[in-house]
Engineer: 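Take a look at the following structure, please.
Just so you know, these numbers come straight off a predicted model, no measurement behind them. Below, chains carry the letters A, B, ... as their sequence lines are ordered, and counting in each starts from 1.
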Amino acid sequence: MTHDALIDRLSEGLKPVRRRRLSVDLLIVAVICAVELGLFFGMGAARPMPMLMPQPSFWWRLGSLGLIAAISAALTILSFNPVYSPRRASRWLLAIGAICLAVGFLINAGPDADKNLIARLDWPAGLQCAKKMILLSIPAVIGLAVLMRRGAPTDGRRTAWLAGLAAASWGAFVFVFACPFNDPLYIAVWYSVGCGIVTAVSRLILPRLTRW
Amino acid sequence: MTESEWRALMVAAQSGKGEAYRRLLTEVSLWLHRYYVRRLPAGMVDDAVQEVLLAVHEKRHTFDPAQEFGPWLGAIARYKWIDRLRAMKAAPTEELSDSLAIRDHGDAVQDARSLEMLLARLKPAQAEVIRLVKLQGMSLEEAAARSGQSVALVKVNIHRGIGRLAALVRDQADDA
């Protein structure tokens with residue numbers, strides 16, 4: 001097909017399009033997250049919350065994960081614009097993650113440090129935590145994947161990584177309301193496992209699903 | 001055509017005005033031809049132009065009239081270009097056509113200079129075999145004999161070198 005023939009075919013019967021708006025994408029993600037959080041509380045899954053609230057680690061987890069989720073979700077949505085490159089911002093995000101982790105160890109430097117490592121990690125409970133975090137991140141992953149498919153990211157791999165990180169940290173954020181564990185080692189290990197799985201799977205799958 | 005004219009045509013196209021869209025795509029195809037003729041083997045230019053026209057069509061809703069049209073189009077063209085470089089890397093070396101050699105005309109001087117600057121950032125062994133096979137059109141065996149590398153090593157160095165070139169181009173684009 002020649003260029004002219006292709007141009008004719010594309011111009012004929014052209015229909016108006018609804019422009020993609022950053023604010024609408026942000027709103028969609030916020031609504032998905034709000035509905036999920038509402039259902040989580042509505043189903044009574046956040047029962048341990050009153051017991052957790054006096055603990056500094058509860059606020060540390062909530063603040064850190066909320067911050068990472070918000071920043072990475074915003075960067076993901078910005079990356080749907082072909083002109084925006086998330087490369088530099090991703091590095092800052094990694095630095096923020098490292099700072100959050102360091103702050104956690106400082107404010108709660110191992111209340112269970114006298115226990116041995118195996119007991120602190122509590123494998124059966126840790127695997128359950130990771131599984132729940134993964135499940136809680138699914139709505140956000142799906143929402144971001146749909147938006148990514150509609151957008152035009154020109155750095156698909158990094159955008160997919162960011163989308164996975166945003167969804168994973170959101171899933172972990174929601175799970176904080178139900179997680180009774182306080183040991184920073186346990187949190188660092190099992191939250192990283194849950195978030196890491198979601199991020200890695202998103203990084204592998206989303207570029208294929210959203211290729212354009 | 002000026003930036004503001006391009007933008008006005010794109011805004012009209014987003015509203016469903018076919019004639020404005022036709023004018024825009026015609027201008028865009030000329031621009032894309034100039035863009036790719038410097039960056040791709042001659043045999044790939046037309047396909048690349050059409051691929052971007054289709055991408056522009058599919059993603060026209062992502063253009064924000066508050067931004068400039070040129071960078072938006074440039075980002076899409078660059079994205080598709082990197083895609084093509086990756087495809088070249090993935091394709092078996094033996095099946096690449098001779099048309100990969102740089103065309104010998106005036107513009108090619110500038111293109112060759114840009115390419116040389118990129119090649120200079122590769123390992124010497126990689127740059128040498130890319131020059132011999134991809135630019136001078138030698139067979140793998142000829143390149144192996146000329147460079148003193150085994151045929152298998154020539155293949156590996158071409159594969160890795162093109163991958164590295166794609167990464168360099170992407171990094172430059174990100175830094176721009």
Engineer: Can you check whether B:Y21 reaches A:L10 side chain to side chain, under 4.5 Å on heavy atoms?
Structural biologist: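 Side-chain contact under 4.5 Å: yes.
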Engineer: Counting only heavy atoms from other residues, nucleotides and ligands, does the tally under 6.0 Å from CZ of A:R150 exceed 12?
Structural biologist: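 Yes - once you tally the heavy atoms of other residues, nucleotides and ligands closer than 6.0 Å, there are more than 12.
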Engineer: Which residue out of B:E58, B:Q67, B:H57 racks up the most heavy-atom pairs below 4.5 Å with chain A?
Structural biologist: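 Option with the top pair count is B:H57.
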Engineer: Side chain, backbone, both or neither: which part of A:D4 has a non-hydrogen atom closer than 4.5 Å to chain B?
Structural biologist: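 Neither part, no heavy atoms under 4.5 Å.
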Engineer: Under the rule for side chain to side chain donor-acceptor pair (under 3.5 Å), what residues qualify as partners of A:T154, not counting sequence neighbours?
Structural biologist: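 With neighbours one apart ignored, the set is empty.
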Engineer: So which heavy atom on B:A55 is nearest to which on A:W212, and how close?
Structural biologist: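 Result for this residue pair: CB-CZ3, 3.8 Å.
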Engineer: Enter the distance from A:R9:CZ to B:L54:CG here, rounded to the nearest 0.5 Å.
Structural biologist: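 It comes to 6.5 Å.
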Engineer: If you take all heavy atoms of A:R149 and B:K59, which pair is closest and at what distance?
Structural biologist: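 Closest pair (atom of A:R149, atom of B:K59, distance): O-NZ, 2.9 Å.
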Engineer: Is there side-chain contact between B:D83 and A:R211, with heavy atoms separated by less than 4.5 Å?
Structural biologist: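 In contact.
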Engineer: Name all residues meeting the salt bridge (Lys or Arg N to Asp or Glu O under 4.0 Å) criterion together with B:R131; count only those two or more places apart in sequence or in a different chain, and write none if there are none.
Structural biologist: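 Testing B:R131 for salt bridge (Lys or Arg N to Asp or Glu O under 4.0 Å), a comparison that skips the adjacent residues, returns B:E116.
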Engineer: Go through B:K17, B:R60, B:E19 and name the one with the most non-hydrogen pairs under 4.5 angstrom from chain A.
Structural biologist: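 Between B:K17, B:R60, B:E19, the count favours B:R60.
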Engineer: Any heavy-atom pair between the side chains of B:D64 and A:N81 that's under 4.5 Å?
Structural biologist: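 Counting from C-beta outward, A:N81 and B:D64 never come under 4.5 Å.
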Engineer: Rounded to the nearest 0.5 Å, how far apart are CG of B:D46 and OG1 of A:T2?
Structural biologist: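 One finds 9.5 Å between CG of B:D46 and OG1 of A:T2.
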Engineer: Strictly less than 4.5 Å between heavy atoms, which residues of residues 14-22 of chain A line up against chain B? Please order them by number.
Structural biologist: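 From residues 14-22 of chain A, the residues near chain B are A:L14, A:K15, A:P16, A:V17, A:R18, A:R19, A:R20.
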Engineer: What part of B:S29 gets closer than 4.5 Å to chain A, counting heavy atoms only: side chain, backbone, both or neither?
Structural biologist: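 Just its side chain gets close to chain A.
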Engineer: Any chance you could measure B:T26, atom OG1, to A:I7, atom CD1, to the nearest 0.5 Å?
Structural biologist: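 Separation between the atoms: 4.0 Å.
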Engineer: Considering residues at least two apart in sequence or located in another chain, which fulfil the salt bridge (Lys or Arg N to Asp or Glu O under 4.0 Å) criterion with B:R84?
Structural biologist: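 Applying salt bridge (Lys or Arg N to Asp or Glu O under 4.0 Å) to B:R84 gives B:E51.
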